[in-house]
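A note on names: the letters A, B, ... follow the listed sequences, proteins ahead of strands, and every chain is numbered from 1.
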Number of protein chains: 2
Amino acid sequence: MVVLSRGGRDAASNESAKAADIDKEESDALFTSSLARGLMVLEAFAQQPGPMSLSEIAGIAGLNKSAVQRLAHTLLKLGYLERHKNGLTPGRRVLDRAYDYLKGSPLIRRSVPVLANLRTSFNERVDLSLFDDLTIMYVSRMHGKPEMSHAHLIGRRLPTYCTAGGRAIMSHLPESEVLDILERSERRKLTSRTATEIADILSLIERAREDGFAMSVEELLIGDITVAAAVLDAKGRPVGAVHLGGGTGDWSPEEFARRAGPLALTAARELSGD
Amino acid sequence: MVVLSRGGRDAASNESAKAADIDKEESDALFTSSLARGLMVLEAFAQQPGPMSLSEIAGIAGLNKSAVQRLAHTLLKLGYLERHKNGLTPGRRVLDRAYDYLKGSPLIRRSVPVLANLRTSFNERVDLSLFDDLTIMYVSRMHGKPEMSHAHLIGRRLPTYCTAGGRAIMSHLPESEVLDILERSERRKLTSRTATEIADILSLIERAREDGFAMSVEELLIGDITVAAAVLDAKGRPVGAVHLGGGTGDWSPEEFARRAGPLALTAARELSGD
DNA sequence: CAAATCGTATCGATATACGATACGAACGTA
DNA sequence: TACGTTCGTATCGTATATCGATACGATTTG
């Protein structure tokens, strides 16, 4: 019997917890729940970034105190947790694992020179994101003008439905899959200009399909304008996007699209076809 | 009984495996070895970044095939591993955990504007690293001139003994601790100019103690020159370093020290004392 | 000073992870 | 075509490692 309380599971993964998943896991002889529970302890810090006590972790992860005691003890010893004065925090070891991921990814490896060149020819923010269902995850950033670098950390996730990158990606997906994503997305207005109606988003995606790149003007952050083009794998499936970002103070949307769009598209094509 | 084969343990952690650790772990009722074994599966990718089969993982991690089958199955389901055509690779979930770490760290949070300003006033590479015994780990980078950005990824570790940051950090440690670090370090010549003799390194550290910052000229990479100052916690213990890097084509070591040294020191002080 | 909460330690029961084994598919070679 | 290897996957009886209730001293809080 695999004991995975609903609360803990939902807390851990925001998207992949469809209704059927739980049934699957319950009848899964190969599933090692000790490992899953240990990871739940780490995942608790997604909900509360700061230091936490064992009981707090237990509450968020949906585990009893004894389990958290043992699992945290183990993670502490292995460096995946660290002891601070106010409680436990994630440990530096997690960055080692992230490094392994980045180092092992051919896409990310190849992207370094391409993005660096892109930043040379266009002195603005350059990002690479990976497609992951309802979110896109930022994995690489080359800063443009320092005044525009609001803290974007590696591993940050943003919604697929309202980002330029997400829409560029969706423009390479079949309609049914796009609708599935949009319907499952919690489409909130992050700014007053965020497109949240499915019809509106579909027409923006259609536009992106024609242009080869997508644009988002102040939909995530006032003052920010982003253009993005999708990176495809060998089979033509979108796996990520190249983003170029600038400030509305420096650019009109039309100018930005004219200048940045083709650059993003070229770079994305260069990275495509692993 | 905690079954942790020597090979697997060593593979996983390069520094914290002192002789006593194994005895400790053997008589540790709280240690959850299933969790540890699961993490060993992930840690295998530190040795071989690319896609691996179950057997390959088993070989590197020092686990039998059945264990890897179950653990990998679990990690796969949770997103910590991904399936590629040639085998398994780390999954995007590991980047989520890294994000939690970065987001939860007050030092890293505070460093973003400071490093951005630093890059404004000094148009070269700016890094933040964290001290971790024999290595320092890079956690933040602001790129300078694109032509100088060789791929430095988040989570990369470099030796403490031969980096400017490491020596800046050691200049704030008691002599006994410095000697301990130097003696346990495998001091190799990474370039012809790498300082490897303990006496030489100690005098460089002494120099750093006087100046407030350390310098490393082509000790890691020919053509590269780095200056760094240590970031201290509230108790005055070094926790990391601010690095400024430039090219030997653009700077003489003396010029670079005169210009970059004080900037690194100021930034490091600004980040100190949490 | 009492109550709550912290981290830590102990321990018996049993659910759980273990690992040997088997099987079909895919691949490369003879 | 046939064979040998290695892959991923599935099964299962057993031993034990994990479980979770419980207890304790130290701190903190009201």
Side-chain angles (χ1 to χ4, degrees), chain A residues 1-5 7-9 24-42 44-45 48 50-78 80-89 91, chain B residues 1-5 7-9 22 24-42 44 48 50-78 80-89 91:
Chain A
M1 176 190 47
V2 179
V3 183
L4 284 175
S5 78
R9 188 67 177 90
K24 262 200 224 164
E25 277 169 10
E26 270 173 8
S27 62
D28 186 344
L30 292 179
F31 195 80
T32 306
S33 29
S34 298
L35 173 53
R37 273 189 285 260
L39 293 170
M40 280 178 183
V41 169
L42 290 181
F45 292 91
Q48 187 144 23
M52 282 197 283
S53 71
L54 292 181
S55 319
E56 280 180 281
I57 295 172
I60 291 180
L63 301 169
N64 69 32
K65 191 185 163 189
S66 289
V68 174
Q69 179 190 10
R70 264 176 284 116
L71 299 169
H73 171 83
T74 306
L75 293 169
L76 208 41
K77 222 167 211 184
L78 299 176
Y80 290 91
L81 284 179
E82 283 172 16
R83 201 186 287 284
H84 281 241
K85 53 176 178 292
N86 303 328
L88 298 169
T89 64
Chain B
M1 177 190 49
V2 179
V3 184
L4 284 175
S5 77
R9 188 67 177 90
I22 290 151
K24 262 200 225 162
E25 278 168 10
E26 270 174 6
S27 62
D28 186 344
L30 292 179
F31 194 81
T32 306
S33 29
S34 298
L35 173 54
R37 274 189 282 261
L39 293 170
M40 280 179 183
V41 170
L42 291 181
Q48 187 144 23
M52 281 197 284
S53 72
L54 292 181
S55 320
E56 280 180 283
I57 295 172
I60 292 180
L63 301 168
N64 69 34
K65 193 185 162 188
S66 288
V68 174
Q69 178 189 10
R70 265 176 285 116
L71 299 169
H73 171 82
T74 307
L75 292 169
L76 209 40
K77 219 165 213 185
L78 299 176
Y80 290 92
L81 284 179
E82 283 172 14
R83 202 187 286 283
H84 282 242
K85 54 174 177 293
N86 303 327
L88 298 168
T89 64

Length of the CG-P vector between A/D28 and C/dA17, whole Å: 11 Å
Sugar-phosphate or base contact per nucleotide [nucleotides 24-30 of chain D; S, B, -; heavy atom under 4.0 Å]: -------
B/H73 and B/K77, any side-chain heavy atoms less than 4.5 Å apart: yes
Candidate nucleotides C/dG19, C/dG7, D/dC19, ranked by approach to the side chain of B/N64 - the nearest: C/dG19
Donor-acceptor under 3.5 Å (B/T32 side chain, B/L35 main chain): no
Integer-rounded Å distance: D/dT18 P and A/L75 CG: 13 Å
Nearest-neighbour nucleotide for the B/Q69 side chain, C/dT8, D/dT9, C/dA17 considered: D/dT9
Interatomic distance, B/Q69 atom CD to B/N64 atom CG [nearest 0.5 angstrom]: 10.0 Å
A/L76 CG to C/dT8 P, straight-line distance once rounded to whole Å: 8 Å
d(CG, A/L35; C1', D/dT18) in whole Å: 14 Å
Side-chain heavy-atom pair A/L71, A/L63 within 4.5 angstrom cut-off: yes
A/E82 side chain near A/L88 side chain, heavy-atom distance below 4.5 Å: no
Spacing of A/L39 atom CG and A/S34 atom OG [to the nearest 0.5 Å]: 11.0 Å
Atom pair distance, as rounded to whole Å: CZ in B/R37 and P in D/dA17: 8 Å
Selected nucleotide, minimal atom distance to A/S34 side chain, candidates D/dC19, C/dG19, D/dT9: D/dC19
B/P51 to B/E56 - nearest heavy-atom pair and separation: O-OE1, 4.4 Å
Rounded interatomic separation in angstrom, taking CZ from B/F31 and P from C/dA9: 15 Å
Along DNA chain C (nearest heavy atom to each residue), the more 5'-positioned of A/E56 and A/T32: A/E56
Rounded interatomic separation in angstrom, taking NE2 from A/H73 and P from D/dC19: 14 Å
Protein-nucleotide distance (B/N86, atom CG; D/dT6, atom P), rounded to Å: 18 Å
Selection from C/dA17, D/dT9, D/dA17 that lies nearest to any side-chain heavy atom of B/L54: D/dT9
Estimated bend of the helix from C/dC1-D/dG30 to C/dA30-D/dT1 (axis per five terminal pairs, rounded to 10 degrees): 50°
Any side-chain heavy-atom pair of B/V41 and B/Y80 under 4.5 Å: no
5'-most by nearest nucleotide on DNA chain C - B/L30 or B/A67: B/L30
A/S66 side-chain N/O to D/dC19 phosphate OP1/OP2 under 4.0 Å: no
Under-4.0 Å side-chain N/O to phosphate OP1/OP2 contact, A/S53 with C/dT5: no
Minimal non-hydrogen separation, A/I60 against A/M52, with atom names: CD1-SD, 3.6 Å
Partner of B/L81 by side-chain contact (heavy atoms from CB on, under 4.5 Å), out of B/T89, B/L75, B/T74: B/L75
Base D/dG20 paired with A/R70 side chain (donor-acceptor, <3.5 Å): yes
